[in-house]
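A short worksheet on the structure shown next.
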Amino acid sequence: KATITSEQTTYQCGLPFTNASITAGTGTDTKECSPYVASDGTARLIVNPQTSASLTSHFTYDKKSYSSSATGVPLAANYCYAFQELTTKFNHNFTAMQPGDFYCKKDDGNGYLVPNYVVSFPNDMKCIGLVFKKDKDKSDAGTYMDVSGTSMSTIKGYVMALQDAGAFAWANKDGAYDFRVGTSTSETDWNGYSNCQTMKGTGHDWNITHFPAANACI
């Protein structure tokens, strides 16, 4: 079983173990087996029921080896033995992000990531999106700005919001639906941010409210 902690809270997870093995048996009649490592952080092994046995577990995590053992353990159906409770403090920052990570929001409005291998969450975790691509796509021509309005040298990836914004008209300026301002018409590029900045219309006679669908997403 394994847990990870961050500055926010503690999560149960299935850490990416390697070289996992369990030795089970009595006396000299023991055998080393490769267990099934489940996503909840447990290692599972099917054995013949015995009155008691000795169990030794080994695994490697983050280039470090761990082992533990117990004797006189009854082997029976549906038993779970916690030989090694590994607790590690993770630093899963935006540089380490991977597709499938959970993008969450703090009370102060800042975001943070929870790794995609976490299998249980606290009820108060504010997950607002999922990472679906790491790093900036080569077709993304956008010049990104941070919350202070300063140009960013790069971005770490892209997040898909969990909440559906709803159904809105694409454009509506003075009743005109087919209102064009020079956004990209490609269906394959990654210029969503650039298009949104164009729709904001700084220095023009339009603004983001003339594009209800885009406005609902920001």
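Under the rule for a ring-ring contact (aromatic ring centres under 6.0 Å, His included), Phe168 has no partner lying at least two apart in sequence or in another chain.
Remark: Met152 CE to Asp146 CG distance equals 6.5 Å, nearest 0.5 Å. Note that NZ of Lys156 and OH of Tyr144 are 14.0 Å apart. Values are rounded to the nearest 0.5 Å. Here CD of Gln163 is found 12.0 Å from SG of Cys127. Values are rounded to the nearest 0.5 Å.
Counting only heavy atoms from C-beta outward, the side chains of Val159 and Lys133 never approach each other to under 4.5 Å. Contact annotation: the side chain of Asp189 never approaches that of Asp140 to less than 4.5 Å [non-hydrogen atoms, C-beta and beyond]. Side-chain contact check for Leu113 versus Val131: some heavy-atom pair is nearer than 4.5 Å. A heavy-atom distance below 4.5 Å is found between the side chains of Val181 and Trp206. Counting only heavy atoms from C-beta outward, the side chains of Val114 and Met125 approach each other to under 4.5 Å. Counting heavy atoms from C-beta on, the side chains of Pro99 and Phe132 never come closer than 4.5 Å. Looking at Asn191 and Ser186, their side chains never come closer than 4.5 Å, going by heavy atoms from C-beta outward.
Ion pair Asp101/Lys134 not flagged as a salt bridge, since none of the NZ, NE, NH1 or NH2 atoms sits closer than 4.0 Å to an Asp/Glu carboxylate oxygen.
In the hydrophobic clustering of this structure, Ile155 groups with Met145; members are Ile, Leu, Val, Met, Phe, Trp, Tyr whose side-chain heavy atoms approach within less than 4.5 Å, directly or through other members. In the hydrophobic clustering of this structure, Leu162 groups with Tyr112; members are Ile, Leu, Val, Met, Phe, Trp, Tyr whose side-chain heavy atoms approach within less than 4.5 Å, directly or through other members.
Classified by interplanar angle (parallel below 30°, tilted 30° to 60°, perpendicular above 60°), the ring pair Phe94/Tyr103 is tilted.
Atom CG of Asp107 is surrounded by 12 or fewer heavy atoms from other residues, nucleotides or ligands within 6.0 Å.
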Without placing hydrogens or testing angles, list every side-chain donor-acceptor pair under 3.5 Å for residues 207-218, not counting sequence neighbours.
{"from": "Asn207", "atom 1": "OD1", "to": "Thr209", "atom 2": "N", "distance (Å)": "2.9"}
{"from": "Asn207", "atom 1": "OD1", "to": "Thr209", "atom 2": "OG1", "distance (Å)": "2.3"}
{"from": "His210", "atom 1": "ND1", "to": "Asn207", "atom 2": "N", "distance (Å)": "3.0"}

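Residues Met199 and Thr183 share a closest heavy-atom pair of CG-CG2, 4.1 Å. Smallest separation of non-hydrogen atoms from Thr143 and Ser151: CG2-OG, 3.6 Å.
With no hydrogens or angles considered, a side-chain donor-acceptor pair links Ser148 and Thr150 at under 3.5 Å. Side-chain polar atoms of Tyr158 and Asp137 form no donor-acceptor pair below 3.5 angstrom.
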